[in-house]
Amino acid sequence: MYETFYGLKENPFTIQPDPDFLYFGRRHTYAYAMMEYGIKNKAGFIVVSGEIGCGKTTLIRHLLNNVAPDMTVGLVYNTHREIPNLLEWIMLALGLPYEGKSTVALYDAFQHFLIEQHGLGKGVLLIIDEAQNISPAAMESLRMLSNINADKNQLLQIMLVGQPQLKKMLMQSDLLQFSQRVEADFHIKPFEAEDVQNYIQHRLTIAGREDPLFSPEACARIAGVSQGIPRRINILCNMTLAYGFSAGAKSIDLGLVDEVINDKVEYGALSNPE
């Protein structure tokens, strides 16, 4: 509703994982570099973790848009601890038939698929988003799948992406064999305060506005309240622009941000009731 008023082509602060808006701050640059390093060096397991809303899924989308043509990729994103057979979801992610097959038949079909892809000169990358939701037993089944090799060639690479609980789970003693297979890993921390202003301006620029809109003081307050989490930054900036549009404010200053924060505390649907 405010886009035209502020000279924007589109909403710059959507919370949907849009790789076109991806901001490569220092930590996201390192995380993506680790993803690329793991893939190019044929790592069996790659692990990327981070807080809720830190941009993990957006990084995945960017990776999918830039993956090499000699790599077949499957993405499992609707994970939960009660998945009865993870291999069925893996087959679905790779576009392979899975219905009506026994576990043994699924494993045999998957093994043949990996060998076939290798014969075509292709590697297979399996990405599991929200991997903290799957059970230790499912993790062990992934380790067993990674044992499918052709001589020295790694036929399957697995990338686990998840919240901080994923790190904790992989440190458990019963997953020691699994964690020892992880060859590349990175934990994405929230933005530093100075990165938040650059992040906000980056998204505004992608959306069509070159001139600064948020004052440095407003950006500093947003950095503190959001704790540097990109999704929180987006939500707060989006609300502030809506307030600014309603008030006819040509720029976003500290007072407007504080008004949004105070109203959210007092009137927000998710605020604590009295």
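Please read these numbers as outputs of a predicted model, since none were measured by experiment. Computed over heavy atoms, backbone and side chain alike; hydrogens, waters and symmetry mates excluded.
We find the CG-CG distance between Leu75 and Leu126 to be 8.5 Å, quoted to the nearest 0.5 Å. Taking CZ from Phe214 and CZ from Arg221, the interatomic distance works out to 14.0 Å, rounded to the nearest 0.5 Å. Considering NZ of Lys122 and OG1 of Thr72, their distance stands at 4.5 Å, rounded to 0.5 Å. Taking CD of Glu99 as the reference point, atom CG of Leu92 lies at 9.0 Å (rounded to 0.5 Å).
Side chain of Asn234 to main chain of Thr14: a donor-acceptor pair is present (N/O by atom type, distance under 3.5 Å, no hydrogens or angles). Side-chain atoms of His202 do not come within 3.5 Å of backbone N or O of Phe24 as any donor-acceptor pair. Of the possible polar contacts, none joining the His118 side chain to the Leu114 backbone as a donor-acceptor pair under 3.5 Å is found. Not one N or O on the side chain of Gln157 forms a donor-acceptor pair closer than 3.5 Å with the backbone of Gly44. Gln154 contributes a side-chain N or O that, together with a main-chain N or O of Leu156, makes up a donor-acceptor pair within less than 3.5 Å. Checked by atom type and distance alone, the side chain of Gln132 pairs as donor or acceptor with a backbone atom of Gln163 at under 3.5 Å. Under the 3.5 Å distance criterion, the side-chain polar atoms of Lys189 are left unmatched by any main-chain donor or acceptor of Gly50. Judged by distance alone, with hydrogens and angles left aside, the side-chain atoms of Asn66 form a donor-acceptor pair with the main-chain N or O of His62 at under 3.5 Å. Judged purely by atom type and a 3.5 angstrom limit, Asp18 uses its side chain to pair as donor or acceptor with the backbone of Asp20.
Heavy atoms from other residues, nucleotides or ligands lying under 6.0 Å from CZ of Arg61 number 12 at most. Atom OH of Tyr37 is surrounded by 12 or fewer heavy atoms from other residues, nucleotides or ligands within 6.0 Å. More than 12 non-hydrogen atoms from other residues, nucleotides or ligands lie less than 6.0 angstrom from CZ of Arg203. For Ile52, the CD1 atom sits in a loose shell: 12 or fewer heavy atoms of surrounding residues, nucleotides or ligands are nearer than 6.0 Å. Atom OH of Tyr77 is surrounded by 12 or fewer heavy atoms from other residues, nucleotides or ligands within 6.0 Å.
Counting only N and O atoms by type, the side chains of Asp129 and Thr57 include a donor and acceptor under 3.5 Å apart.
Annotation: salt bridge (charged side-chain N to carboxylate O under 4.0 Å, His left out) contacts of Arg27 (sequence neighbours excluded): Glu192. Residues satisfying the salt bridge (charged side-chain N to carboxylate O under 4.0 Å, His left out) criterion with Glu259, sequence neighbours excluded, are absent altogether.
Each of Phe21, Tyr23, Phe191 was scored for a ring-ring contact (aromatic ring centres under 6.0 Å, His included) with His28, with one residue passing: Phe191.
Looking at Met169 and Leu175, their side chains come closer than 4.5 Å, going by heavy atoms from C-beta outward.
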